[in-house]
Amino acid sequence: MLLSLLHKTMFCGCRIATKGIQRSNQQSPQLRQWLVKRSQSTITTNAQVSVQAAAATSVPNAASNLIVGRWLLGCSGLVVGAIVLGGVTRLTESGLSMVDWHLVREMKPPRSQAEWEAEFSKYQQFPEFKILNHDMTLPEFKFIFYMEWGHRMWGRLVGLAYILPTMYFWRKGYFTRSMKGKVLGLCGFVVFQGLLGWYMVKSGLEEKPESYDIPRVSQYRLSAHLGSALLLYCASLWTGLTLLLPPHKLTETHRLMQLRRFAKGTGGLVFLTALSGAFVAGLDAGLVYNSFPKMGERWIPDDLLAFSPTLKNVFENPTTVQFDHRILGISSLTAITGLYLFSRRMLLPRRAKVAISLLTAMAYTQVALGVSTLLMYVPTALAATHQSGSVALLSLAIWVLAELRKMPK
Ligand code: HEM
């Protein structure tokens, strides 16, 4: 009975519709035209709605890319915080105050007087206290301890900021196949970075009976730790920017390809200069010649190749390390100026032009900061600003590369 009622209703409905169409056929041509237009617009609107609905339900889409892109930019911001904090920890000579490493247990700093004294007496067993800080008081120890503890806690925060959202976005299906590989790589890098940090600290805790030098971490491990932090930063920033900035439709001319190659080479040179800066910092090589542009009275100092074999000078002789950093710094500045002049005569999108101009301005600021750090015998605030300047310079180089990148096929 219910079925026959349904059948009747449908049948009536169809009859009414057919009548409506028949009646509309008898109407004026204007009315008929209006009806046709209205039905067409309804079809288009329905099609748009269904495309939007499909986009909203199928991930990854533009909205999820926006979220992932912003998350990666946030992560790279946290890495910058870790780099700056790490630099200040080193410059205040606080990095060797925590003499062991526990992932969870060390998150709680000492509270009571007894706990502080126990921590201090552990530190007193190590070369930095015995050789350099034998007259250190407990309040002074608390300061260097909190500096290193803050850096380590920040490191944990960075780790969580990468790993937890990765798990969440993965489950929500926000990642494409290639993006899955990239975020896994980034998460692996964060863990590696933490382990490298402890490997670096360990080198400063070892007794070296044959050495008369003040206890410090190995300059090789310091530059590996800083270099891998910079790599993590650049990779996160690049991945985030390519999700957020739509590529420009550039005409693939020979000149554009040259500019792109030039920009890539310049970015690489800036990265190398920053790495060589870590060697300067690791060997306190900023204190050997504090004049510019000459080193003392000479353009090329006498002790440039004092160590044997010759290659050892590049990584272990403070004079050579400072000399190389100057040369690399000035070469980066020259390359960036060249890039600016080369790009000026080209028709490029506004955003690319702005990025290249900012990169050039930052390069001059960075060299001015480096020279001032040298002339003023490496004051903490200036040296930390110079270190942060290198991150700003790298960021702008990445931005330029993102603006000049090819349209995906
Ligand atoms: C593109 C140019 C440059 C870049 C990217 C750069 C980058 C860096 C970096 C990353 C450090 C390590 C900082 C740390 O770990 O604390 C450093 C240290 C240093 N740089 Fe540069 N630098 C540049 C140019 C220069 C120039 C031209 C000079 C001087 C002539 C200079 C002088 C120094 C000094 C003295 C240090 C040691 C500071 C310390 O002990 O903390 N830099 N640089």
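Values below: every heavy atom of this structure, side chains too, minus hydrogens, waters and symmetry copies. Whatever order the structure lists ligands and atoms in, that order sets their numbers, starting from 1.
Close approach of ligand 1 to F292 is summarised as follows: ligand atoms under 4.0 Å from at least one heavy atom of the residue are 30 (C). Atoms of ligand 1 found under 4.0 Å from any heavy atom of L91 (numbered from 1 in listed order, with element): 41 (O). Atoms of ligand 1 lying under 4.0 Å from at least one heavy atom of L393, given by number and element, are 1 (C). Residue contact check: R326 has heavy atoms under 4.0 Å from atoms 30 (C) of ligand 1. Here is the list of ligand 1 atoms found below 4.0 Å of a heavy atom in S332: 1 (C).
Ring geometry for F120 against F129 counts as perpendicular: the plane angle is over 60°, on a 0 to 90° scale with 30° as the lower cut.
If you count the protein N, O or S atoms nearer to atom 21 (Fe) of ligand 1 than 2.8 Å, you get 2.
Electrostatic pairing of E148 and R152 counts as a salt bridge here, judged by a charged N lying under 4.0 Å from a carboxylate O.
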Q: For side-chain contact (heavy atoms from CB on, under 4.5 Å), just list the numbers for L243 and M179, CA-CA rounded to whole Å, side-chain angles, deciding distance to a tenth of an Å, and then say yes or no.
A: CA-CA 10 Å; L243 285 176; M179 188 53 83; 3.5 Å; yes
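Surrounding CD of E297 are at most 12 heavy atoms belonging to other residues, nucleotides or ligands under 6.0 Å away. Residue R255 qualifies as enclosed at atom CZ: its count of foreign heavy atoms under 6.0 Å is above 12.
Checking Y162 against S236 by side-chain atom types alone, a donor-acceptor pair falls below 3.5 Å. Of the N and O atoms on the side chains of D303 and T319, at least one donor lies less than 3.5 Å from an acceptor on the other residue.
Rounded to the nearest 0.5 Å, atoms CG (L195) and NE2 (H225) are 11.0 Å apart. Here S332 contributes atom OG and L339 contributes atom CG; the two are 12.0 Å apart, rounded to the nearest 0.5 Å.
Neither the backbone nor the side chain of L222 has any atom closer than 4.0 Å to an atom of ligand 1 (non-hydrogen atoms only). The proximity of R90 to ligand 1, defined as any non-hydrogen pair under 4.0 Å, is limited to the side chain. With a 4.0 Å heavy-atom cut-off, ligand 1 is reached by the side chain of A383 but not by its N, CA, C or O.
The protein atom (non-hydrogen) at minimum distance from atom 27 (C) of ligand 1 is V367 CG1, 3.9 Å. The closest protein non-hydrogen atom to atom 38 (C) of ligand 1 is V378 CG1, 3.9 Å. Atom 35 (C) of ligand 1 has as its closest protein heavy atom L374 CD1, 3.6 Å.
A cation-pi contact, defined as under 6.0 Å to the ring centre and within 45° of the axis, links R221 to Y199.
Aromatic rings from W116 and Y146 are positioned such that their centres are separated by under 6.0 Å.
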